[in-house]
Novice: 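Attaching a single structure in structure tokens format; questions to follow.
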Amino acid sequence: MSDDRSPSTPPAAEALTRCDALVLGAGQAGVPLARALTDAGRRVVLVEATHVGGTCVNEGCTPTKTMIASARVAHLARRAGEYGVHAGKVSVDFPAVQARKDEVVAQFRSGNEQGLTDAGVEVVMGRARFTGPHAVQVALPDGTHRAFEAPLVFINTGARPTWPDLPGLQDVDALDSTGLLGLKERPEKLLILGGGPVALEFAQAFARFGSDVTVLERGERLLERGDEDVAAALTDALTADGVTVLCGHQALEARRTEAGLSLRVRGPKGEKTLHGTHLLVAVGRTPNTDDLGLDAAGVEVDDHGHIRVNDDLLTGVDGVYALGDVRGGPAYTHAAYDDYRIVRDALLHGQRRSWRDRLVPYTVFTDPELARIGLDEQGAHEQERPVRVYTLPMSKVARATETGETRGLIRAVVEASTDRLLGATVLGAGGGELLSVLQVALHGGLTAADLREGIFSHPTWSEALNNLFMQDPVEVPGGQKRKDPR
Ligand SMILES: Cc1cc2nc3c(=O)[nH]c(=O)nc-3n(C[C@H](O)[C@H](O)[C@H](O)COP(=O)(O)OP(=O)(O)OC[C@H]3O[C@@H](n4cnc5c(N)ncnc54)[C@H](O)[C@@H]3O)c2cc1C
Ligand SMILES: NC(=O)c1ccc[n+]([C@@H]2O[C@H](COP(=O)([O-])OP(=O)(O)OC[C@H]3O[C@@H](n4cnc5c(N)ncnc54)[C@H](O)[C@@H]3O)[C@@H](O)[C@H]2O)c1
């Protein structure tokens, strides 16, 4: 690439770099895809606006789960007496918690960077914008621009926190998830807007660090979807940790006060004012598509700004794909990573698989963890599908009693006619791991009888699957909606 501009000639159009593939965004799909295509002999340019690794590594999964680990240690140390252990007075060194988290993030990020370097991917730090269907201009940090063209373009630009239209919000120095992760000091009184995974994971962690935490969810329950009794049990667990959970509450106005801020809210019993030192806004995420010049490319978005794709993750423009959070649908790291596998297999191995056909599990990393895959009881009722629902409270699981972690339950939904597993929910300590056992059984087409009779090591959490399928199931008949919600 050359630049022959001189002071005596008018600025020429930026020199153009042509390559085989352009990857926009170094997230959970972009990084492995850039590596795989480079390994296959293609010339790939990966453009990243802020830092390699995307949301998950830098301001999502990695930092939150690292902080949650510190919070759990504080929690267990406070409970030490229950186990006959004297740990003394527990205090949390918040800057040390943050430093540990920053170290892990830096380690993961540099691992991603090293992987790209080793593979020989050309990484360009800058903000990409389409200028045509296969043409992209990148604004570099020094204010200059570079232009690129490629027959294949992969959009992996992810999403960012959504800011609601709340009067006064701009005056109160509210934080989003990224801002909260950067705090130097522990908030005294943390108000949280939203009752999704971001809100709940932070709520419990900060309560365990010693903050006074209130969660304000406008819906009638936490976590929007899933069986109601599970959401209620999770609410109880958070409450036991000292989190105040206010569902059915709408924030009306935010105001700055001497001590921090106030929020005027309307709940089932009328209006009231809440006071806090900090406000976390965690009401969802907005796809990074509005500043991508998608019009110039002819790439279409839906009403929420997510890029429209077909089964192959291809946009309406030939050779232009969208992967991960930017395409709508499940917004998890493992889903973005699987998008990479789908595109890789289609382009390099001639194998097609639709992203819509797959079952995506999820785990909310509260304590107890809430993990789910496939059909739950509520879903079976909504689909009027004949199933049997097995439920085992954790208080009946030997391992739970032995370890003092008896909160939660295990639930499995099986098809009435075949006895095959259709879905599972686990609310429990390490629930995500136990769910993975059920997930493998589901993928393998195993039945309730297989798991009832399976030999698992005693006394593991997985052994509870024997007992789960020995419970009397709730029979959900097909073709009729359930009248008595649990
Ligand atoms: C607080 C929090 C906790 C989370 N915890 C979990 C969890 O425990 N488990 C889980 O599965 N998921 C979790 N998630 C969700 C997960 O982080 C995302 O689903 C995942 O990172 C999406 O990956 P992606 O590849 O789609 O995009 P991202 O990882 O968001 O990467 C997109 C990249 O594109 C870059 N970019 C954006 N615009 C441009 C542009 N114009 N030009 C160049 N680059 C651009 C961004 O800087 C970013 O690096 C969490 C999210 C948050 C916010
Ligand atoms: N463990 C995990 O897998 C994990 C953890 C964190 C985030 N994530 C992902 O990140 C994304 C964002 O998570 P999130 O929790 O920010 O969003 P979310 O969309 O999952 O939940 C937002 C919640 O806020 C509520 N809400 C919306 N507007 C509100 C308002 N004005 N006042 C009060 N409540 C309001 C909604 O009813 C909803 O319950 C999700 O897609 C999630 O999958 C995943």
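When a residue number appears, it is its place in the shown sequence, counting from 1. Counting starts at 1 for both ligands and their atoms, following the listed order.
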Novice: May I ask whether Arg160 has any heavy atom positioned less than 4.0 angstrom from an atom of ligand 1?
Specialist: no

Novice: Can an N or O of Ala49 be found at a distance shorter than 3.5 Å from an N or O of ligand 1?
Specialist: yes

Novice: Going by distance only, is there an N or O of Glu201 that falls short of 3.5 Å from an N or O of ligand 1?
Specialist: no

Novice: Checking the N or O distance criterion of under 3.5 Å, is ligand 1 in contact with Thr333?
Specialist: yes

Novice: Just which atoms of ligand 1 are under 4.0 Å from any heavy atom in His334?
Specialist: 11 (O)

Novice: Just going by heavy-atom distances, which of Gly284, Pro197, Ala335, Ala251 is nearest to atom 44 (C) of ligand 2?
Specialist: Pro197

Novice: Between ligand 1 and Ala335, can you find any atom pair, the residue atom being a heavy atom, that is separated by under 4.0 Å?
Specialist: no

Novice: Quick one: does Val47 get a heavy atom under 4.0 Å from ligand 1?
Specialist: yes

Novice: If you take the nearest heavy atom of each of Ala331, Ala282, Gly196, Gly329, which one is closest to atom 21 (O) of ligand 2?
Specialist: Gly196

Novice: May I ask whether Tyr362 has any heavy atom positioned less than 4.0 angstrom from an atom of ligand 2?
Specialist: no

Novice: Check each heavy atom of Glu201 against ligand 2 and say whether those closer than 4.0 Å belong to the side chain, the backbone, both or neither.
Specialist: side chain

Novice: N/O of Ser177 under 3.5 Å from N/O of ligand 1, yes or no?
Specialist: no

Novice: Using a plain distance cutoff, I'd like to know if Ala128 has any nitrogen or oxygen under 3.5 Å from a nitrogen or oxygen of ligand 1.
Specialist: yes

Novice: At a 4.0 Å cut-off, with the gap strictly under it, does some heavy atom of Arg285 reach an atom of ligand 1?
Specialist: yes

